[in-house]
Structures are given as structure tokens and as C-alpha cells.
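This report concerns only the one structure given below.
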Amino acid sequence: MTNLEICREHGSFMIKEKLAEIVARAFESACAEGKMGELKECPVPIQIERPKLAEHGDLACGVAMKLAAPLRSNPLKIAQTLAEHIGRDKEANGNRITSFAVAPPGFINFKLGSAWLNQSLSRILIEGADYGKLDMGRGKRVLVEYVSANPTGDLHIGHGRNAVFGSCLVNLLKFAGYEVEAEFYINDAGEQILQLGRCAYALYRRLQGVEVEYPTEGYPEEYLSEFVAPIVEREGQAFLSLSEEEGAVKLADLTMAEIIEHQKKLLAKLHVEFDRWYSERALHKRDQVKQVLEEFLKHGFSYENEGALWLKTTELGDERDRVLRKSSGATTYLANDSAYHLDKYRRGYDLMVNVWGADHHGQVPGLKGAMKALGEDPERLEVVLTQIVNLSRDGQIVRMSKRMGTVVMLGEVMDEVGVDAVRYYLAESSPQNSINFDLELAKKTSRENPAFYIQYAHARCCAILRKALEPSQGQEGQLPAPVTESQWQSFLQEYKTDPDVFESIFADSSEEVVQHQKALIRRLELFPEEVREAVETRQPGRLARYAFELANELQKFYEVSRVITDQLSVTKARLGLILATKQVLSNALGIIGVSAPERM
RNA sequence: GUGCCCGUAGCUCAGCUGGAUAGAGCGUCGGUCUCCGAAGCCGAAGGUCUCGAGUUCGAAUCUCGACGGGCACGCCA
């Protein structure tokens with residue numbers, strides 16, 4: 001989609017789109033004069049990009065190079081023709097574009113004036129917490145299923161990554177206008193639960209002094225004790241007389257409840273929330289698994305072989321057929337999951353996103369094939385795989401293994417480095433890359449980590465606003481606030497109605513300082529586009545990095561531009577800029593779920 | 001063996017729908033506070049973008065092949 005199309009679709013004001021329109025008009029007028037060969041309309045999207053080097057200007061357009069092939073002409077020459085027509089455009093006046101030039105190998109470079117920048121500041125302050133929101137998801141319902149950890153133990157750092165990514169994606173999609181539901185699928189049925197019960201019942205009895213063997217297969221005693229101990233305390237000897245089987249069933253339920261409760265609390269502490277906790281057991285109770293097997297049969301995609309029921313996934317894009325019902329009569333994970341996902345499809349979402357650990361990637365073709373077999377569109381189901389988190393201590397990578405006792409729990413990491421830092425680090429990276437999380441490093445650098453840096457920038461904006469609006473203690477007693485309350489109220493109105501007030505941001509500034517000032521505003525203006533790209537690529541982490549860049553831009557601005565000055569018009573303009581920066585930092589942090597403190 | 005993911009600065013990571021001299025943070029070294037928060041800012045050093053070939057006016061980016069790492073390949077979940 002070109003910038004122009006986005007502009008039309010969303011009706012929103014973005015500088016790149018305004019500029020793309022000007023270039024498009026230049027192309028049209030050059031066309032009309034027959035300077036574009038046989039072309040009637042532009043065959044390539046007109047894209048505006050940001051040059052890597054400041055000396056190339058604020059924005060650039062490389063469309064001339066893309067036109068070189070269809071026109072069979074020199075890109076530089078095409079660029080010059082376009083530039084000539086841009087020069088005749090009334091929109092391209094000095095307030096909007098101070099200068100533009102053609103540069104090899106065929107770029108048209110633009111230097112921005114202040115008019116559009118000032119307008120974007122007004123827009124930010126008008127829209128406030130809504131600034132950056134898009135309507136690309138309007139009317140679309142999305143289900144995001146994530147974490148879905150087995151209720152058989154504590155959450156580790158890998159679950160943490162899944163949880164943070166998923167919740168950021170939920171926040172992001174909501175911000176982009178989607179109607180989003182977050183769901184956690186609880187695998188509370190099947191063999192693993194029985195095994196949990198057997199272990200838990202053995203542990204229960206041992207804690208009461210009964211000498212029984214602990215099962216060799218299953219969950220290590222030390223990981224279960226924190227969940228079984230409260231049951232012993234609460235229930236006492238109530239279950240000692242049960243048979244081994246009855247005891248296992250009873251303890252499975254009670255232990256599972258403890259574990260789920262623990263997981264919920266931990267996730268809530270990490271600001272990870274769900275609209276629905278979906279129970280696999282309930283799925284079985286409603287006979288949905290049995291029903292889905294009938295559906296497969298009805299669609300002609302299942303067959304029996306050697307006592308088992310198979311799904312013809314080979315015909316559906318998988319490398320081999322998969323078992324749905326074992327010869328023992330029990331259904332497989334695929335069958336249960338098919339029932340669950342068919343249920344999701346029947347609930348009528350436009351898009352379903354599953355956030356899975358990458359070690360489950362082998363299941364994707366099977367599940368997608370199953371949905372296809374049921375006559376559903378597999379494209380509506382997206383699986384985002386999150387790669388593993390390697391934990392290291394003192395530079396030594398620790399492979400997480402429950403047996404080796406080297407598992408580091410999510411809760412421990414949260415306690416060590418803080419919720420905000422955990423969220424930032426886990427949100428920042430692309431899910432398909434494995435990451436290394438060095439605990440010693442995270443602890444050591446806890447004051448200098450990017451999360452903190454962004455928060456610091458937000459707090460600094462708040463500090464400047466406080467300084468401007470609150471009386472201060474000087475050597476001669478109390479000094480009045482530089483800006484009175486009534487002045488401030490009037491400023492807030494002017495920001496929204498008269499973009500020209502921001503012109504004073506640049507007053508008395510050298511060319512170099514103006515560059516810093518414009519860079520900050522440009523970055524603020526970029527936010528909606530960053531949101532769109534994050535949605536399209538399903539990478540909320542881009543906003544974490546954006547927030548960091550914005551914080552950096554603020555610091556650079558701050559170093560060279562005094563906000564509170566003895567010139568009221570300058571103070572007014574720059575306070576508005578600070579207010580806008582604080583707002584955008586807060587909006588971006590909101591999506592990645594990191595707090596935006598007023599002071600720290 | 002087959003399939004998927006990955007390989008960018010000493011370390012951790014961006015950039016990948018092809019564009020100008022490949023970027024951040026950490027770490028190292030050096031500057032910078034009579035002035036709104038120095039938890040900051042500025043600068044330096046550090047790279048055959050794993051290697052090779054191809055496509056292109058142009059490749060970290062696309063294609064193919066090596067090499068290296070991870071994961072998955074059950075009538076487990």
C-alpha cells in the first residue's frame with residue numbers, strides 16, 4: 001500500500017503522504033506535457049523515505065530510479081524533470097518545503113519547512129491518548145491465544161516471552177482499531193494431568209509422613225511441593241484414606257487449581273490479562289472432540305488403519321498423515337486441538353492469532369490442514385512462533401532443563417530485574433529470533449537499561465512541565481511559577497487551534513539546533529506510521545524501539561534548547577512540544593505495557 | 001537423513017516488500033554540570049553484514065549452493 005492510499009483510507013495527516021501527493025502531482029503534470037514517454041500513470045508506488053544521512057535532507061523520494069526501467073531513461077534525468085514540476089506546485093512552498101534537490105543516483109531530496117511539523121504537533125495535542133490510533137482494524141474481530149501453558153508447573157522465562165509478546169500484540173491490535181479478545185487455553189485434560197495427580201498424591205502422602213515411593217516418571221518433587229504444601233495445610237489428612245487412583249484424581253484437580261491460580265497471579269503482575277480461560281475439559285464435556293471426528297469423517301478426510309483413526313493431512317499440505325484417535329480409544333492432541341480451533345472458527349473471528357513456542361512449529365501444518373479439511377479457511381489462522389530465550393549467568397549459557405534443575409522461573413527474573421525491564425527486554429526483540437537474557441547483566445545494568453531510559457525521558461518531560469507550572473523555592477523565598485494557570489489554559493487552547501504558535505520553537509536557534517528540534521517533531525509525527533508497520537508485520541516490538549529513539553531525540557533536543565525562557569512565546573511553543581512528547585512516549589509505552597512514571 | 005528458523009561491531013540486538021558512506025545499546029577510551037532532572041549529552045575506537053556464485057544500474061536485503069547454530073520430525077502432550 002502506498003502512502004497515498006493510506007492517506008486516503010484513513011484520512012489522516014502524515015507528512016510523507018502530503019509529500020507523496022506533491023510528487024504524484026508533479027508526475028501527472030509532467031505526463032500531461034508528454035515528458036514521461038508513453039506512460040499515462042505512475043506504474044510504481046511513490047514512496048517517501050528518510051535519508052540515512054542528515055546532509056541529504058529530511059525526506060527523499062527514489063521514484064525516479066524505479067521509473068528508469070519502464071521509461072528506459074536515466075534516473076537522474078527523470079528526477080530533474082519531476083523536480084522541475086514540483087517547483088511549479090503551489091503546495092510545495094517555503095513553509096512546507098524549504099528546499100529540494102536532485103542527487104545521484106536519482107533521489108529527490110527535500111528539506112522540510114515548519115508548517116507541516118507545526119500542524120502535526122497540534123494534531124498530537126488534539127488527539128492526546130488517541131494519537132497514533134488507526135482504523136485499519138475497524139469492524140474486525142480478532143482472537144489472540146497466547147501463553148496457554150500446561151497447568152502442571154510454574155512459568156519459566158520462555159512463557160514470559162510468549163506472554164509479553166502476546167499481550168503487546170493484543171494492545172497493538174486494539175490500538176489499531178481491531179476488536180480483540182485474549183484467550184488462554186488450559187490443557188486440563190489427558191495423560192499429563194493424571195501423571196500430575198500421581199506425583200501430587202505421592203507427595204501429599206509423603207508430606208504427611210507416609211512412606212511411599214515417588215513416581216520416577218513425571219514432575220520432580222521440588223517443583224511440585226510449593227503447590228501441594230498449601231493443600232496439605234488446608235485439607236490435612238482428608239485424602240489419606242483414598243485409593244491411589246482416587247487420590248491421584250483428587251490431587252490432580254486440587255494441584256492444578258493451585259498452579260493455575262499461581263500462573264494467573266504471576267501473569268497479572270506482568271500486566272498480562274485474558275478475557276477468557278478456555279478449558280480443554282469443557283471441550284470434552286460438550287462432546288466437541290467427538291463431534292469434530294465426525295466432521296472429519298463427513299468431509300471424507302479420515303480413515304481407520306490398524307485400529308487407529310487417521311487424518312489425511314498428506315492431502316492437505318502436511319508431510320504425512322496424523323493420528324486422530326489412538327487404538328486405545330483416546331484422542332490425540334491434534335484431535336483435541338482441531339475441536340478447539342473449530343470452536344474458534346465457529347465463533348466468527350476475522351482473524352485468529354496463536355502465539356506458540358517455536359518448539360511446536362511442527363504442529364502448524366497439521367492444524368492448518370485439519371482446518372482445511374473442515375472446510376475452513378486456514379488463512380484466517382496465523383501462528384506466530386516465539387523462539388527460545390537463552391538464559392545466561394556470568395556469560396555462561398544455561399540450557400533450561402527441569403531435570404538438571406537449571407530452570408529459572410519467570411517470577412525470579414521479574415523479582416530480579418523488575419516488571420518494566422522484563423517487559424521491555426522481552427517485547428523489544430522480533431519473536432522469530434532467539435534471544436539471550438543474561439541475568440547478571442540485567443541486574444547490573446538495571447539503572448541504564450532502555451526501559452529505564454525511556455521512562456526517564458517521560459519523567460523529565462513531566463519535570464519540565466512541573467517546573468513551568470509550579471512555584472519554586474529560590475534563595476529569596478518562594479518564586480512564582482513561570483507560567484500562570486490561566487496562561488496555561490490559554491496555551492492548551494492555542495496548541496489545538498493555532499499550529500503557528502509552534503513556530504517559536506525555532507526562535508533564536510542556530511541551524512544545528514533547529515535540526516535537533518525538527519528531528520524531535522519528525523519522530524513524533526512518525527508514530528502512526530510506526531504503529532501501522534508494527535501491525536502489518538505483527539511486531540509490537542518495533543514500538544519499543546521507536547520509544548527508545550523518541551526518548552533519545554528528546555534528550556538531544558533538551559541539551560540544546562531551553563524550554564522555560566524569558567520569552568513567553570518561546571516558552572509556550574516549547575512547552576507544547578514537551579507536552580506532545582510526553583503524550584507520545586506514554587502512548588508507545590502503553591502498547592508495550594511499560595509504565596510511564598511522572599517522577600522517578 | 002528430511003523440514004522450519006537463524007548467522008550483522010568484543011557482547012546483546014535493529015535494519016531484510018532491493019537504493020546514497022550498514023545502525024543502536026552494553027562494554028572500552030576521552031570530553032562535558034555557576035543554567036528546566038548529568039539516571040543526561042558529545043566524541044573516538046571497533047565491520048570481508050559466515051562463505052561462494054547468480055539476478056540487478058545497484059544486494060546485509062532476492063535466488064541457489066556450502067558451512068555453522070537452534071528446533072521439530074510418536075497411536076506424547
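Numbers restart at 1 for each chain; the letters A, B, ... are given by sequence-line order, proteins then strands. No hydrogens, no waters, no symmetry mates; every other heavy atom, side chains included, goes into these values.
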Establish, from distance only, whether the side-chain atoms of [X] and [Y] form a donor-acceptor pair under 3.5 Å.
X      : Y      : result
A:N552 : A:Y453 : yes
A:E280 : A:N187 : yes
A:E319 : A:T314 : no
A:R161 : A:S429 : yes

Considering every strand shown, what is the Watson-Crick or G-U wobble mate of [N] when both distances are under 3.5 Å?
N     : result
B:G37 : none
B:A24 : B:U12
B:G43 : B:C29
B:G7  : B:C67
B:U17 : none
B:C73 : B:G1
B:G54 : B:C62

Quick one: label [X] by what it contacts on the DNA or RNA (base, sugar-phosphate, nothing), any heavy atom closer than 4.0 Å.
X      : result
A:A358 : sugar-phosphate
A:A468 : nothing
A:I435 : sugar-phosphate
A:A457 : nothing
A:E306 : base
A:Q192 : sugar-phosphate
A:S561 : base
A:Q363 : base
A:N109 : base
A:N433 : sugar-phosphate

Candidate nucleotides [options], ranked by approach to the side chain of [X] - the nearest:
X      : options             : answer
A:H361 : B:G19, B:C4, B:C41  : B:C4
A:N436 : B:C36, B:A24, B:C13 : B:C13
A:R599 : B:A72, B:C41, B:G37 : B:G37
A:F107 : B:C36, B:G70, B:A20 : B:A20
A:W310 : B:C75, B:G15, B:A72 : B:C75
A:Y456 : B:A39, B:C5, B:G70  : B:A39
A:S327 : B:C75, B:A20, B:C41 : B:C75
A:A463 : B:A77, B:G37, B:C75 : B:G37
A:F548 : B:G25, B:C75, B:C4  : B:G25
A:D359 : B:A77, B:C71, B:C5  : B:C71

Could you work out the separation of [N] and [M] based on their [atom1] atoms and round it to a whole Å?
N     : M     : atom1 : value
B:G19 : B:G1  : P     : 35 Å
B:G18 : B:U55 : C1'   : 11 Å
B:G68 : B:G31 : P     : 47 Å
B:U63 : B:C6  : P     : 11 Å
B:A59 : B:U12 : P     : 29 Å
B:C49 : B:A60 : P     : 7 Å
B:C62 : B:U17 : C1'   : 10 Å
B:G47 : B:A22 : C1'   : 9 Å

Fill in the blank from the handout: Contact check, residues 564-573 of chain A vs RNA chain B, heavy-atom distance under 4.0 Å, returns A:I564
Fill in the blank from the handout: Within residues 505-513 of chain A, the residues having a heavy atom closer than 4.0 Å to RNA chain B are none
Set out, line by line, the N/O atom pairs under 3.5 Å between protein and nucleotides 31-35 of chain B.
residue, atom, partner, partner atom, Å
B:C35, O2', A:R562, NH1, 2.6
B:C35, O2', A:R562, NH2, 3.2

So do the side chains of [X] and [Y] get within less than 4.5 Å of each other, counting heavy atoms only?
X      : Y      : result
A:D321 : A:Y303 : yes
A:L194 : A:E191 : yes
A:R320 : A:T313 : no
A:Q517 : A:F557 : yes
A:W488 : A:K572 : no

Side-chain N or O of [X] versus OP1/OP2 of [N]: is the shortest distance under 4.0 Å?
X      : N     : answer
A:S430 : B:A14 : yes
A:N552 : B:G25 : no
A:Y453 : B:C41 : yes
A:N390 : B:G69 : no
A:R320 : B:G3  : no
A:K326 : B:C76 : yes

Given atom [atom1] of [X] and atom [atom2] of [N], what is their separation to the nearest angstrom?
X      : N     : atom1 : atom2 : value
A:F437 : B:C26 : CZ    : P     : 16 Å
A:L324 : B:G74 : CG    : P     : 16 Å
A:E549 : B:G23 : CD    : P     : 13 Å

Exercise for the section: Give a yes or no on whether a salt bridge exists between A:R532 and A:E536, defined as a side-chain N under 4.0 angstrom from a carboxylate O. Expected result: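 A salt bridge is present here (some side-chain N lies under 4.0 Å from a carboxylate O).
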Exercise for the section: Working to the nearest 0.5 Å, report the span between CZ of A:R574 and OG1 of A:T581. Expected result: 12.5 Å
Handout entry: A:K368 side, atom NZ; A:L381 side, atom CG - distance, nearest 0.5 Å
Key = 5.0 Å
Exercise for the section: Using a cut-off of 6.0 Å, state whether more than 12 heavy atoms not belonging to A:E217 lie near its atom CD. Expected result: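 Not more than 12 within 6.0 Å, no.
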Problem - Heavy-atom neighbours of A:K312 NZ exceed 12 at 6.0 Å - result: yes
Practice task
Quick one: classify the glycosidic conformation of B:C33 as syn or anti, with syn meaning within 90° of 0.
Solution key: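 It is syn.
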Practice task
Would you please indicate yes or no on a ring centroid separation below 6.0 angstrom for A:Y340 and A:Y185?
Solution key: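 Under 6.0 Å, so yes.
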Problem - Aromatic ring proximity A:Y546/A:F527, centre distance under 6.0 Å - result: yes
